[in-house]
Asks: 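One structure, pasted below without further comment.
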Protein chains: 2
Amino acid sequence: MAGNGARGVRKTGPSIGDVARLAGVSAQTVSRVSTGREVVAPDTRERVLRAMEQLGYSPNRAARALRDGRYGSIGLLAHRFDRTGEALTTDAVLRAAEEQGYSVSLITVHDAESDKWEPAARRLADQTVDGLIIMRAEGGPGDSFAMRPSMPVAVSDSRPHGRFPRVASNEFGSAKDAVWHLLDLGHRTVHHLGGPEGSEPARLRAAGWRAALLEAGIAPPAPILGDWTADAGHALGRALAEDPDVTAVFCANDEMALGLILALHESGKRVPRDVSVIGYDGIALSRFSVPPLTTIQQDFPRIGAELVRMVLSQIGKPRPFEVADVVVPSELVVRGTTGPPPER
Amino acid sequence: MAGNGARGVRKTGPSIGDVARLAGVSAQTVSRVSTGREVVAPDTRERVLRAMEQLGYSPNRAARALRDGRYGSIGLLAHRFDRTGEALTTDAVLRAAEEQGYSVSLITVHDAESDKWEPAARRLADQTVDGLIIMRAEGGPGDSFAMRPSMPVAVSDSRPHGRFPRVASNEFGSAKDAVWHLLDLGHRTVHHLGGPEGSEPARLRAAGWRAALLEAGIAPPAPILGDWTADAGHALGRALAEDPDVTAVFCANDEMALGLILALHESGKRVPRDVSVIGYDGIALSRFSVPPLTTIQQDFPRIGAELVRMVLSQIGKPRPFEVADVVVPSELVVRGTTGPPPER
DNA sequence: CTGAAAGCGCTAACAG
DNA sequence: CTGTTAGCGCTTTCAG
């Protein structure tokens with residue numbers, strides 16, 4: 001037979017046609033049973049179900065996606081998924097997505113350098129997703145961020161480009177609250193153990209810290225910048241621990257705060273008697289450090305839910321989307337690592 | 001025109017045909033440029049690329065998946081993704097998968113009850129994945145676990161059903177090592193703060209604890225069972241903290257250990273002077289507790305990589321698969337929470 | 001209530 | 001080097 005084409009095509013498993021053949025009906029009838037969207041005679045239905053069972057049939061989702069023009073899946077993009085903030089947001093996104101019948105695909109961008117974002121975005125546009133959530137996009141996405149133009153996007157914790165709707169928490173205000181809490185306790189200044197350059201949350205938290213000090217008429221000391229890890233908090237914390245002027249430190253996240261606390265202990269300083277420490281995020285373990293950590297509690301479940309809502313609300317709608325940002329409140333939780341400064 | 005069919009079909013974006021039309025070539029030539037698997041004349045190539053750029057074309061993956069019979073994606077199934085162990089494994093799986101050109105789809109089973117596993121599995125068989133990794137499958141999958149028969153599966157930390165290849169760490173042996181470390185320090189017995197019933201890792205860790213005590217001729221005290229959270233460790237730890245016979249506790253994970261340590265502090269007990277504590281997992285924060293936690297360090301990156309390797313090695317191969325289990329070593333890391341028992 | 005046809009977008013094979 | 005053809009599996013429309 002000449003030019004019969006389509007050689008090399010691979011079959012996945014039993015198809016709707018196989019079931020139809022076995023049940024002695026047409027493929028459409030199998031489809032009707034499968035989707036349940038149309039009426040089928042009870043005995044026909046039975047026969048089809050038995051055939052499905054027997055063959056271990058399950059519908060081919062690629063075919064369905066091709067036909068429907070949608071995948072039923074959203075992509076979640078981040079540098080990594082093993083840090084607490086990302087893990088909590090991921091879990092929340094997953095739950096919210098599943099509630100809406102969507103699955104979640106993970107995509108990493110290995111490096112914070114913005115040149116690496118473009119290939120990632122290209123891979124992404126290729127991805128089998130109907131929408132995209134960009135989580136904690138440090139260093140990116142830059143303006144070169146190429147994206148399938150019709151792809152719905154929601155962004156968390158990133159620089160506003162005016163291009164994508166964002167979910168953010170009131171980091172600036174919460175950071176100010178944290179610093180004011182320390183000033184109200186009587187500290188003459190507050191040091192800052194910040195997040196890395198290029199990170200938008202790090203920038204906002206530092207800005208809030210600086211603003212509170214300036215409001216109080218205090219010249220902000222030079223901040224120390226870490227990479228969010230407890231390791232960095234510990235290593236950089238040594239310098240802070242040796243400095244007798246340091247009586248209060250506002251940290252950009254809980255992990256660094258916990259690293260700092262260990263460094264303080266190793267230097268013979270007591271928390272909070274000698275030095276007060278505040279973290280940021282409210283990770284589960286912050287409640288169980290010794291003493292329990294005073295921190296800014298973020299509402300990760302709500303952040304995840306809002307991100308999903310934002311992306312899904314864009315699907316099928318024509319651009320321009322409504323790009324209103326959503327602010328999810330976060331608030332200071334005073335626990336055991338903050339107190340008045342030591343008496344001179 | 002009669003019976004022309006296919007109404008209601010949705011287009012996703014610019015297709016290969018649109019590009020072909022604009023560039024004045026055939027669809028196949030566009031495909032050739034897109035895949036790069038065949039030679040195309042340089043000027044034709046240029047024209048096609050320009051057309052792609054202009055239309056914002058990116059290939060429709062559903063169509064490609066349908067044709068190729070593969071999705072380029074693996075599914076990762078768990079109860080939750082926000083706990084440290086899961087988050088670390090997830091991150092490792094993602095990296096390993098990406099290295100092999102696969103993306104990762106997350107699927108949750110909300111409840112540990114095994115009746116909930118079946119719908120999840122059904123959803124899964126439907127999923128656009130070429131293989132499946134089941135991570136920390138507490139309470140399941142039971143024998144009723146229905147699965148597309150040809151679906152490659154790898155399982156972590158679960159009961160061996162002899163049906164799926166597994167990646168496991170030597171939990172029994174490591175737990176024994178931990179308990180022997182405490183006995184060697186002079187403790188007369190070791191208590192156990194265990195994981196929930198129905199969890200295979202919890203069962204193995206408890207078994208190792210029991211075995212070590214029996215080897216030493218000590219009758220194991222009744223274990224206390226928690227749900228892996230620091231909260232549980234803290235709440236259940238109160239009883240342990242009040243019991244004067246308790247001088248050493250082996251905990252089934254780090255979070256519970258940290259909760260217990262806080263409870264001990266609140267009762268005025270010092271760690272390790274009054275009570276020694278060992279955790280399990282080696283989460284990042286275990287190094288930074290005060291004092292740093294003695295624990296069993298798991299090699300999460302390697303576990304993730306092995307899981308991916310196992311699943312991918314099955315793809316395209318006929319059953320029965322080689323179902324050899326892989327054991328990833330874990331080992332005791334002695335830090336600051338263990339010491340000799342207090343003198344009487 | 002059921003069957004036939006058609007096409008979503010892609011690419012392997014073949015024929016120029 | 002490029003075009004034609006066919007079909008992966010599914011579901012909507014139309015005709016019976």
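The structure displayed is predicted, hence computed values, not measured ones. The analysis underlying the following values was restricted to heavy atoms, covering all of them including side chains, and did not include hydrogens, waters or symmetry mates. Proteins come first, then strands; the chains are lettered A, B, ... in the order of their sequence lines, and each starts at number 1.
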Asks: Would you call B/R50 and B/L22 a side-chain contact if the rule is heavy atoms closer than 4.5 Å?
Replies: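 Side-chain contact under 4.5 Å: no.
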
Asks: Rounded to the nearest angstrom, tell me the gap between atom CG in A/N60 and atom C1' in C/dC8.
Replies: 13 Å

Asks: From B/E86 CD over to A/D91 CG, what is the distance, rounded to the nearest 0.5 angstrom?
Replies: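 The CD atom of B/E86 sits 9.0 Å away from the CG atom of A/D91.
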
Asks: So, using salt bridge (Lys or Arg N to Asp or Glu O under 4.0 Å) as the criterion, who are the partners of A/R32 when residues are at least two apart?
Replies: A/E38

Asks: Donor-acceptor pair, A/T29 side chain versus A/V25 backbone, under 3.5 Å?
Replies: no

Asks: Taking donor-acceptor contacts at under 3.5 Å, does the side chain of B/R32 reach the base of D/dG3?
Replies: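 Per atom types, the contact qualifies.
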
Asks: Kindly point out which of D/dG9, D/dT11, C/dT11 is positioned nearest to the side chain of A/R64?
Replies: D/dT11

Asks: May I ask you to verify if any side-chain N or O of B/Y71 is less than 4.0 angstrom from the OP1 or OP2 atom of D/dC8?
Replies: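 The answer is no; no side-chain N or O of B/Y71 sits under 4.0 Å from OP1 or OP2.
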
Asks: Using a heavy-atom cut-off of 4.0 Å across all strands, would you classify B/S34 as base, sugar-phosphate, or nothing?
Replies: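 Here B/S34 touches no strand at all.
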
Asks: In this structure, how many angstroms lie between the P atom of D/dG7 and the CG atom of A/L66, rounded?
Replies: 17 Å

Asks: Of all residues at least two apart in sequence or in a different chain, which pass the side chain to side chain contact (heavy atoms under 4.5 Å, CB included) check with B/L88?
Replies: A/D82, B/T84, B/F300

Asks: Do the side-chain N or O atoms of A/R67 get closer than 4.0 angstrom to the phosphate oxygens (OP1, OP2) of D/dT12?
Replies: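 It does not, given that no N or O in the side chain of A/R67 lies less than 4.0 Å from OP1 or OP2 of D/dT12.
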
Asks: Considering only heavy atoms, which members of residues 36-47 of chain B lie under 4.0 Å from some atom of DNA chain C?
Replies: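 B/R37, in order of number.
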
Asks: Which listed nucleotide (C/dT11, D/dT13, D/dT11) is nearest to the side chain of A/S31?
Replies: D/dT11

Asks: Measure from CD on B/Q28 to P on C/dA15 and round the result to the nearest Å.
Replies: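 After rounding, the reported distance stands at 16 Å.
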
Asks: On the nucleotide D/dC1, are OP1 or OP2 found under 4.0 Å from the side-chain N or O atoms that B/T29 carries?
Replies: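 No, no such contact exists.
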
Asks: May I have the distance from B/I16 (atom CD1) to D/dG3 (atom P), rounded to whole angstrom?
Replies: 12 Å

Asks: Taking atom CD1 of A/I74 and atom CG of A/L132, what is their separation to the nearest 0.5 Å?
Replies: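 It is 9.0 Å, given to the nearest 0.5 Å.
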
Asks: Begin with the C-alpha distance, continue with both residues' side-chain angles, and end with the deciding distance and a verdict on side-chain hydrogen bond (donor to acceptor under 3.5 Å, both in side chains) for B/T108 and A/E98.
Replies: CA-CA 8 Å; B/T108 45; A/E98 217 159 62; 2.5 Å; yes

Asks: Just how far, in rounded Å, is P of D/dC8 from CG of B/D68?
Replies: 14 Å

Asks: Nearest-nucleotide wise, let me know which of B/A63 and B/S26 is further upstream toward the 5' end of DNA chain D.
Replies: B/S26

